[in-house]
Amino acid sequence: MKQKKGAQLPRTKHVNFSLNEEEYNLICSYVKKYKISNKSRWYRETIISHILKNLDQDYPTLFGENEMRR
């Protein structure tokens, strides 16, 4: 069964992590400053965008970095 374009897949996996007081206060002030109403979506988007950025940078190339700079 194919998903329609734009249809959301059910989220059945849960991830929990802990923060210290300073980290938590930093996130709370950021969320308040930028009026983020859905923290869960913000966490997902932030984490996934960071992962995708790193994967894009680590993608294997045909030539090494030094060879491409010549």
Side-chain angles (χ1 to χ4, degrees):
M1 186 165 126
K2 291 186 178 181
Q3 290 284 331
K4 293 181 182 178
K5 189 173 184 174
Q8 290 185 349
L9 297 174
R11 293 187 178 95
T12 59
K13 307 298 180 196
H14 297 270
V15 176
N16 296 312
F17 61 95
S18 299
L19 302 170
N20 64 30
E21 193 71 27
E22 188 177 336
E23 294 166 335
Y24 181 76
N25 290 337
L26 178 66
I27 289 174
C28 287
S29 65
Y30 184 91
V31 164
K32 185 176 180 181
K33 179 179 179 179
Y34 292 101
K35 299 176 182 158
I36 297 169
S37 60
N38 188 336
K39 282 196 251 182
S40 181
R41 183 179 74 204
W42 178 73
Y43 284 127
R44 278 194 314 275
E45 289 173 353
T46 303
I47 293 167
I48 298 298
S49 67
H50 178 77
I51 291 169
L52 291 174
K53 180 179 138 191
N54 283 346
L55 286 175
D56 188 43
Q57 291 174 353
D58 294 342
Y59 190 78
T61 58
L62 184 58
F63 302 103
E65 185 177 342
N66 290 337
E67 293 173 320
M68 293 185 346
R69 290 181 186 229
R70 290 183 197 184

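- With sequence neighbours excluded, no residue forms a side-chain hydrogen bond (donor to acceptor under 3.5 Å, both in side chains) with Asn38.
- Among residues two or more places apart in sequence or in another chain, the side-chain hydrogen bond (donor to acceptor under 3.5 Å, both in side chains) test is passed with His14 by none.
- Sorted by first and then second residue, the salt bridge (Lys or Arg N to Asp or Glu O under 4.0 Å) pairs involving residues 13-24 (not counting sequence neighbours) form an empty list.
- Counting only residues at least two apart or on different chains, the salt bridge (Lys or Arg N to Asp or Glu O under 4.0 Å) pairs with a member in residues 30-58 are Arg41-Glu45.
- Listed by chain and number, the hydrophobic cluster partners of Ile27 are Phe17, Leu19, Tyr24, Tyr30, Val31, Tyr34, Ile36, Trp42, Tyr43, where partners are ILVMFWY side chains within reach of under 4.5 Å, directly or through others.
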